[in-house]
Amino acid sequence: MDKVIGIIGGSGLYDIAGLENRKWQAVETPFGSPSDELLTGELDGVRMVFLPRHGRGHVHMPTTVNYRANIAAMKTMGVTDLVAVSAVGSLKEDYAPGDFLVVNQYIDRTFAREKSFFGTGLVGHVPFSHPTCARLSEVCLEAGHEAGGTMHRGGTYVAMEGPQFSTLAESRLYRSWGADVIGMTGMPEAKLAREAEICYACIAMITDYDCWHPDHDAVDVAQVVATAKANAQLARSVIAALPKRLKGPQSDCASGCNRALDGAIMTAPECRDPEMKEKLNCVAGRVL
Ligand SMILES: CSC[C@H]1O[C@H](OP(=O)(O)O)[C@H](O)[C@@H]1O
Ligand SMILES: Nc1ncnc2[nH]cnc12
């Protein structure tokens, strides 16, 4: 089977251009409704599936985005390679608004979200020391360079609950941890993509310096929106440069993303809850 590229668009990215046979279609999942209809089509002969994380018109809060439904919908649509685009604040002087950073680590500070497809009656634990797919992240970097973006390879994303921005003390704390960027949606999205055995990469679009930088105003929505709007076209060009690099049949991922569930299920076969099994079939059917 050929690869299918999924794109989750963050703040400022609610649609993508250039798709042939484009069609918005509703997808329901056992975990509920995704943030919006999914936009499907082809680019350079590769199937693409796009979903605006907050819905068109930005109607879902970071806390109330149905991350499980979003990832389950992507899996149901056959997505093998999922690229998330996220607006983030910078925690480092060198990462300036307008730059892009391809994330390779996370610190999860969120606390009010469903973080797993598993649950009572069907327990599973996937490896997550390297939360993003190295191959797909490299492809994102190359695509970013081709599109003319200022790209940074690897960095740590602090996922905060929000929706309020950080206090100065929090921002300083995250900097002291060596974190690079901060946002509100990277988790549990990356965790769920791993459970669903989808290769996942995150292109963080830096929109502001959060509130720690003495030479910059503290972040507000106007700043984020202005920078995100100014960079949306560049983000679209990065996305447009992906298909030719990913064209072709699905193969085993060197990072093991598409085999993450091998040996992950703890619940004895005879103790597995049939309803849970049915519910999880769309994401973990391969091993159930
Ligand atoms: C509009 S500012 C805060 C908002 O922007 C980011 O969203 P996304 O990651 O979906 O691009 C951030 O995480 C917050 O949700
Ligand atoms: N400074 C910031 N903090 C959290 N989320 C953000 N998204 C964009 N900028 C952000």
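Atoms within a ligand are numbered from 1 in the order they appear, just like the ligands themselves. The figures that follow rest on heavy atoms only: side chains count, while hydrogens, waters and symmetry mates do not. These figures come from a predicted structure and were not determined experimentally.
Tested against Leu39, the residues Ile7, Leu19, Val49, Leu51 include a single side-chain contact (heavy atoms from CB on, under 4.5 Å) partner, Leu19.
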Kindly indicate, with the supporting measurements, whether the criterion salt bridge (charged side-chain N to carboxylate O under 4.0 Å, His left out) is fulfilled by Arg22 and Asp15. CA-CA 11 Å; Arg22 55 179 273 140; Asp15 198 346; 3.3 Å; yes

Using salt bridge (charged side-chain N to carboxylate O under 4.0 Å, His left out), reason through Lys244 and Asp44 one step at a time and then give a plain yes or no. CA-CA 6 Å; Lys244 60 174 177 277; Asp44 288 338; 5.3 Å; no

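The 4.0 Å heavy-atom shell around ligand 1 contains residues Gly10, Ser11, Arg53, His54, Pro62, Ser86, Ala87, Phe165, Gly183, Met184, Thr185, Val224, ordered by chain and number.
Considering only residues two or more places apart in sequence or on other chains, Glu161 meets the salt bridge (charged side-chain N to carboxylate O under 4.0 Å, His left out) condition with Arg113.
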Quick one: table the atom pairs, ligand 2 N or O against protein N or O, below 3.5 Å, distance rounded to 0.1 Å.
residue: ligand 2; atom: 1 (N); partner: Asp208; partner atom: OD1; Å: 2.8
residue: ligand 2; atom: 1 (N); partner: Asp210; partner atom: OD1; Å: 2.8
residue: ligand 2; atom: 7 (N); partner: Ala87; partner atom: O; Å: 3.2
residue: ligand 2; atom: 9 (N); partner: Gly89; partner atom: N; Å: 3.2
residue: ligand 2; atom: 9 (N); partner: Asp208; partner atom: OD2; Å: 2.7

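Ring geometry for Tyr209 against His216 counts as tilted: the plane angle lies between 30° and 60°, on a 0 to 90° scale. Relative orientation of the Tyr95 and His152 rings is tilted, given thresholds of 30° and 60° on the angle between their planes. Using a 30° and 60° split on the angle between ring planes, Trp177 and Tyr174 fall in the tilted class, from 30° to 60°. The aromatic rings of Phe50 and Trp24 lie perpendicular to each other, with more than 60° between the two planes, well past the 30° mark.
Apart from Phe111 itself, the hydrophobic cluster it occupies contains nothing, where clustering links Ile, Leu, Val, Met, Phe, Trp and Tyr at side-chain heavy-atom distances under 4.5 Å.
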